[in-house]
Amino acid sequence: MDIQKITRAVENRLSTVIDPKTGADVLRMRLVRDLAINEDGFVTYTFQPSSPLCPIAATLAMEIINAIKDVPGISGQDITVSGYIYADELNETLKSVL
């Protein structure tokens, strides 16, 4: 498995997830951090919304998840939301989705 190739593919997909308020993608805004892919194709990362009160945090998180899940070679993913007032609740919801 070519981890670098899969990482580039994941980054390319994430560059299509756009924050509607800024028009910038989540990578350029550095909203996705600590992106790591293991040898089995499992992705882990942190999503930190641009504001602790971001009204579209859940929507962006789901868009990020959906962008990554269809990348060839990805076996699964784990997202952790941080820096958001409802991070605990959103993390629980997202765990049930994944």
Would you call [X] and [Y] a side-chain contact if the rule is heavy atoms closer than 4.5 Å?
X	Y	answer
Glu11	Val32	no
Asp25	Thr16	no
Val17	Ile64	yes
Leu90	Leu94	yes

Please tabulate, for the side chains in residues 39-56, all donor-acceptor contacts under 3.5 angstrom to protein atoms that are two or more places apart in sequence or on a different chain.
residue: Tyr45; atom: OH; partner: Gln77; partner atom: OE1; Å: 2.5
residue: Gln48; atom: OE1; partner: Arg33; partner atom: NH1; Å: 2.8
residue: Ser51; atom: OG; partner: Leu53; partner atom: N; Å: 3.1

Identify the two heavy atoms, one from [X] and one from [Y], that lie closest to each other, and give their separation to 0.1 Å.
X	Y	result
Ile18	Ser15	CD1-O, 3.8 Å
Ala9	Val71	CB-CG1, 3.6 Å
Ile6	Ile74	CG2-CD1, 3.5 Å

Joint cluster assignment, Met62 & Leu60, ILVMFWY side-chain distance < 4.5 Å: yes
Could you tell me the separation between the [atom1] atom of [X] and the [atom2] atom of [Y], rounded to the nearest 0.5 Å?
X	Y	atom1	atom2	value
Gln4	Ile37	CD	CD1	10.5 Å
Arg13	Asn66	CZ	CG	9.0 Å
Asn91	Tyr86	CG	OH	15.0 Å

Donor-acceptor contact below 3.5 Å, side chain Lys95 vs main chain Ile79: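 Checked: pair present.
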Audit row: Leu98, Lys69, side-chain contact (heavy atoms from CB on, under 4.5 Å) steps and yes/no: CA-CA 10 Å; Leu98 295 172; Lys69 76 177 183 180; over 6 Å; no
